[in-house]
Amino acid sequence: MKKKVVLVTGASGYLGGLLCRELFNGDYHVKAFVRRTSDLSSLPLPSDGGTLELVFGDVTLYQSLLQACFVNVGGLNIVLQAYKETGTIEKIVYTSSFFALGPTDGYVADETQTHSGKFFCTEYEKSKAVADKVALDSASEGIPIVPVYPGVIYGPGKVTTGNVVARMIIERFNWRLPGYIGQANVKFSFSHVDDVVDGHIAAMNKGKLGERYLLTGENASFKEVFDIAAMISQTKRPLFGIPLLIIEAYGWISVLFSKLTGKLPLISPPTVCVLRHQWAYSCDKAKAELDYHPRSLKEGLFQVLPWLKSLGLIKY
């Protein structure tokens with residue numbers, strides 16, 4: 001039986017690498033779309049059987065994507081163009097973000113929410129909101145697209161800029177972050193990376209065309225993240241919360257150092273804007289239609305802390 005072919009863009013990234021590995025183990029023919037300069041350590045080794053194939057290119061360059069094109073995750077505008085010209089794509093699973101739906105100050109949102117567009121904390125948020133409109137417009141035109149919206153992704157895998165929870169825990173356990181960050185009553189939706197991977201595959205197999213699915217998890221504050229981490233490691237909880245004005249000042253200093261070192265800062269002024277708002281969402285629709293079952297934050301952090309400890313990044 002011929003294997004279903006899946007092309008994954010961003011395949012060398014934190015989420016993309018784990019998605020490729022799960023598809024690889026699930027007996028799909030995986031085309032991992034990567035740049036020639038990408039770190040490929042998170043990908044399974046290409047096999048003689050051809051279940052994983054490296055495709056080199058850049059999703060922002062149309063011709064390189066067109067040469068590889070089948071099912072895709074990301075690079076939305078060019079993928080849509082490729083869909084119209086190739087006629088070979090069965091379904092597009094578009095990885096968006098909770099940011100595309102906007103903040104949820106004082107309530108918990110679901111897939112019916114669209115971004116107000118009145119303000120954006122970051123350029124990333126703005127770009128996701130704009131792309132989300134493109135995705136929804138494309139769906140209304142009959143393009144077979146299923147947008148999915150993960151929350152704050154965390155879990156073992158890679159310590160990248162996208163793995164914010166891991167980076168904050170590292171800062172906390174190395175005493176560079178002495179107190180709580182964020183406001184105790186402001187919640188974020190935390191998504192374990194393995195759950196997000198499973199949600200993508202479920203969206204590919206079960207997702208209804210044109211429907212949106214929140215692949216979020218437990219809604220909790222960063223205070224709760226630090227408290228659970230302290231419980232797991234049997235260390236002391238932070239004794240105080242760091243005022244957002246101080247965090248913002250730290251963010252400006254971090255931006256300055258990043259220009260000198262070339263490393264992206266953990267905290268920046270736009271990040272502080274994000275921390276001032278709630279980003280809480282319900283994944284009931286994904287549970288009902290995709291059989292999506294996200295783990296609790298406590299269960300997820302029980303994996304994260306030993307993983308960081310094994311890498312020598314934290315001690316307890």
Side-chain angles (χ1 to χ4, degrees), residues 10 12-22 42 73 95-101 104 122 124-125 128 148-174 176-177 180-184 186-201 213-233 235 237-238 264-268 271 274-275 277-283 286 292-314 316:
S12 62
Y14 174 42
L15 174 60
L18 292 172
L19 177 58
C20 282
R21 189 173 294 276
E22 192 65 22
S42 63
V73 182
T95 308
S96 186
S97 164
F98 67 96
F99 280 122
L101 278 64
T104 65
T122 67
Y124 177 79
E125 178 189 350
K128 284 297 184 182
V148 295
Y149 305 81
V152 179
I153 301 177
Y154 73 101
K158 276 186 173 183
V159 183
T160 64
T161 54
N163 200 342
V164 175
V165 172
R167 294 180 69 203
M168 284 193 174
I169 290 173
I170 292 168
E171 295 298 297
R172 166 65 189 147
F173 277 77
N174 287 278
R176 292 189 292 266
L177 199 59
Y180 293 114
I181 191 169
Q183 303 174 79
V186 171
K187 296 183 181 294
F188 290 74
S189 199
F190 291 93
S191 304
H192 191 283
V193 66
D194 290 343
D195 296 331
V196 176
V197 166
D198 291 344
H200 274 75
I201 296 173
Y213 295 98
L214 276 158
L215 301 181
T216 51
E218 183 175 343
N219 294 312
S221 66
F222 275 102
K223 178 182 183 299
E224 291 172 271
V225 172
F226 286 170
D227 284 349
I228 294 172
M231 181 272 295
I232 293 171
S233 61
T235 56
R237 298 179 180 184
L264 289 175
L266 173 62
I267 301 292
S268 66
T271 306
V274 171
L275 292 172
H277 296 279
Q278 177 161 286
W279 309 81
Y281 306 90
S282 166
C283 57
Y292 176 69
H293 297 292
R295 69 203 69 194
S296 68
L297 182 59
K298 181 178 178 180
E299 184 182 354
L301 291 177
F302 259 111
Q303 292 179 290
V304 172
L305 268 76
W307 165 62
L308 292 175
K309 185 178 180 180
S310 71
L311 295 177
L313 297 174
I314 64 173
Y316 61 89

Could you tell me whether the side chain of [X] and the main chain of [Y] form a donor-acceptor pair under 3.5 Å?
X      : Y      : result
Lys309 : Tyr316 : yes
Asp195 : Arg295 : yes
Glu22  : Leu19  : no
Glu171 : Arg176 : no
Ser296 : Glu299 : yes
Tyr149 : Thr216 : no
Glu218 : Leu297 : yes
Asn174 : Leu313 : yes
Asn219 : Ala280 : no
Trp279 : Gly151 : no

Hey, are the side chains of [X] and [Y] touching, using non-hydrogen atoms and a 4.5 Å cut-off?
X      : Y      : result
Leu214 : Ser282 : no
Trp307 : Gln303 : no
Tyr292 : Leu215 : yes
Met168 : Val165 : no
Tyr124 : Ser97  : yes
Val148 : His200 : yes

Measure the spacing between [atom1] of [X] and [atom2] of [Y] and express it to the nearest 0.5 Å.
X      : Y      : atom1 : atom2 : result
Ile181 : Ser221 : CD1   : OG    : 12.0 Å
Leu308 : Ile170 : CG    : CD1   : 5.0 Å
His277 : Thr104 : NE2   : OG1   : 10.5 Å
Gln183 : Leu275 : CD    : CG    : 8.0 Å
Phe222 : Asp227 : CZ    : CG    : 13.5 Å
Ser191 : Phe98  : OG    : CZ    : 8.5 Å

Stepwise side-chain contact (heavy atoms from CB on, under 4.5 Å) check, Ile169 with Val304: CA-CA 9 Å; Ile169 290 173; Val304 172; 4.2 Å; yes
Taking all heavy atoms of [X] and all of [Y], pick out the closest pair and write down the distance.
X      : Y      : value
Tyr14  : Pro156 : CE1-O, 3.7 Å
Tyr154 : Leu301 : CE1-N, 4.1 Å
Pro294 : Gly217 : CB-CA, 4.1 Å
Val159 : Arg167 : CG1-CG, 4.1 Å

Ring geometry between Phe188 and Phe190 (parallel below 30°, tilted from 30 to 60°, perpendicular above 60°): tilted
Quiz item: cation-pi between Lys223 and Tyr180, 6.0 Å / 45°: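 Yes, cation above the ring, under 6.0 Å and within 45°.
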